[in-house]
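Single-structure report; data block below.
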Amino acid sequence: LAMVGGGVEDRLSVGGFLDPGTESSRVADILEDEFGTGNYGFVLVFVPRDEWVYSESNVVEGRRISDAIAAEPGVVEVASFFNLPPPPPPAISPLRDGSGDHAALGAVLAGDENEQRRTAERLQATYAGPNDTFELYATGAVEVSRVAAERAEQDLTRAELLAAPFTLIGLLLVFRGWRAALIPLVV
């Protein structure tokens, strides 16, 4: 049985977190269809290494990173603290925290859930982590789904590796011989 299920992770999807029949999904569809907005499922959080987000060097680097992500394949739209005009005082940008210690970028990714996870993995590998200006953290619904899918694949592989020896033992007990026990595992 373990061998029959082997490699099943290629045929499964961890998707399905979003029910297309829910009100929030319908509203997201309406916003996309009527107003051209998308689901910002990939989020990059910018944490400055030495100054607050409004410093000139941080704004320059934040814009560079935002523009680079916007040019990536599979990225449909980007909204970044660094590329949006600041709101009139006393309001603060919704893409930064009140203290000015963190800023954010949201990206709409193209494709189905699996394609979005592949794009998120590439973006996370390319941009997340430390650089000279920021510590960058990837999050958002697509990134969480990607990490969950990765963990599910690891768990499934572990389960398959654990099941194979127990299946062999069970087959040895039933068939009372190595050759007979190995035939179902090979076939």
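Note that the structure is a prediction, hence the values are computed from the model and not measured. Side chains are part of it too, since the values below use all heavy atoms of this structure and drop only hydrogens, waters and symmetry mates.
For the pair E143 and R146, the salt-bridge criterion is met [side-chain N within less than 4.0 Å of a carboxylate O]. Under 4.0 Å is where a charged nitrogen must lie from a carboxylate oxygen, and between R151 and D155 at least one such pair does. With respect to E61 and R64, a salt bridge is recorded, a charged nitrogen being found less than 4.0 Å from a carboxylate O.
D50 contributes atom CG, which lies 6.5 Å from atom OG of S55 (distance to the nearest 0.5 angstrom). Rounding to the nearest 0.5 angstrom, the gap separating the CH2 atom in W178 from the CG atom in L171 is 11.0 Å. Note that the CG atom of L105 and the CG atom of N83 stand 8.0 Å from one another [nearest 0.5 Å]. Taken to the nearest 0.5 Å, the OG atom of S145 stands 11.0 Å off from the CD atom of E150. Atoms CG and CZ, from L109 and R118 in turn, are 12.0 Å apart once rounded to the nearest 0.5 Å. T119 contributes atom OG1, which lies 13.0 Å from atom CD of Q124 (distance to the nearest 0.5 angstrom).
Note: the hydrophobic cluster containing F175 does not contain I169 (ILVMFWY, side chain heavy atoms under 4.5 Å, direct or indirect links). Under a hydrophobic-cluster definition in which Ile, Leu, Val, Met, Phe, Trp and Tyr are linked whenever side-chain heavy atoms come within less than 4.5 Å, directly or via other members, Y40 and I69 are assigned to different clusters. Taking hydrophobic clusters as Ile, Leu, Val, Met, Phe, Trp and Tyr residues chained together by side-chain heavy-atom distances below 4.5 Å, I65 shares a cluster with F42.
Considering every non-hydrogen atom in both S80 and L95, the closest pair reads C-CD1, 3.6 Å. Across all non-hydrogen atoms, the minimal contact from V78 to S66 is CG1-O, 4.3 Å. Nearest approach of V43 to A104, heavy atoms of both residues: CG1-CB, 4.5 Å. In terms of heavy-atom proximity, A110 sits nearest to E115 at O-CB, 4.1 Å. Minimum heavy-atom separation, N58 to P48: ND2-CB, 3.4 Å.
Contact of the N39 side chain with the V108 side chain is not registered, since no non-hydrogen atoms from C-beta on lie closer than 4.5 Å. Residues V47 and D101 are not in side-chain contact: their nearest non-hydrogen atoms beyond the backbone lie 4.5 Å or more apart.
Under a 3.5 Å cut-off, the side chain of R122 and the backbone N or O of P73 do form a donor-acceptor pair. Looking only at distances, no side-chain donor or acceptor of R96 sits under 3.5 Å from a matching main-chain atom of V53. With Q116 contributing its side chain and G111 its backbone, the two residues share a donor-acceptor pair below 3.5 Å.
Aromatic ring centres of F46 and Y127 lie farther apart than the 6.0 Å criterion allows. Taking the six-membered ring wherever Trp is involved, the centroid distance between the rings of F134 and F82 falls below 6.0 Å.
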Given side-chain contact (heavy atoms from CB on, under 4.5 Å), test L136 with N131 step by step and report yes or no.
-> CA-CA 8 Å; L136 299 162; N131 68 23; 3.9 Å; yes
With side-chain contact (heavy atoms from CB on, under 4.5 Å) as the test, would you mind laying out the steps for L44 and T139 before giving the verdict?
-> CA-CA 6 Å; L44 198 62; T139 188; over 6 Å; no
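Surrounding CG of D112 are more than 12 heavy atoms belonging to other residues, nucleotides or ligands, all under 6.0 Å away.
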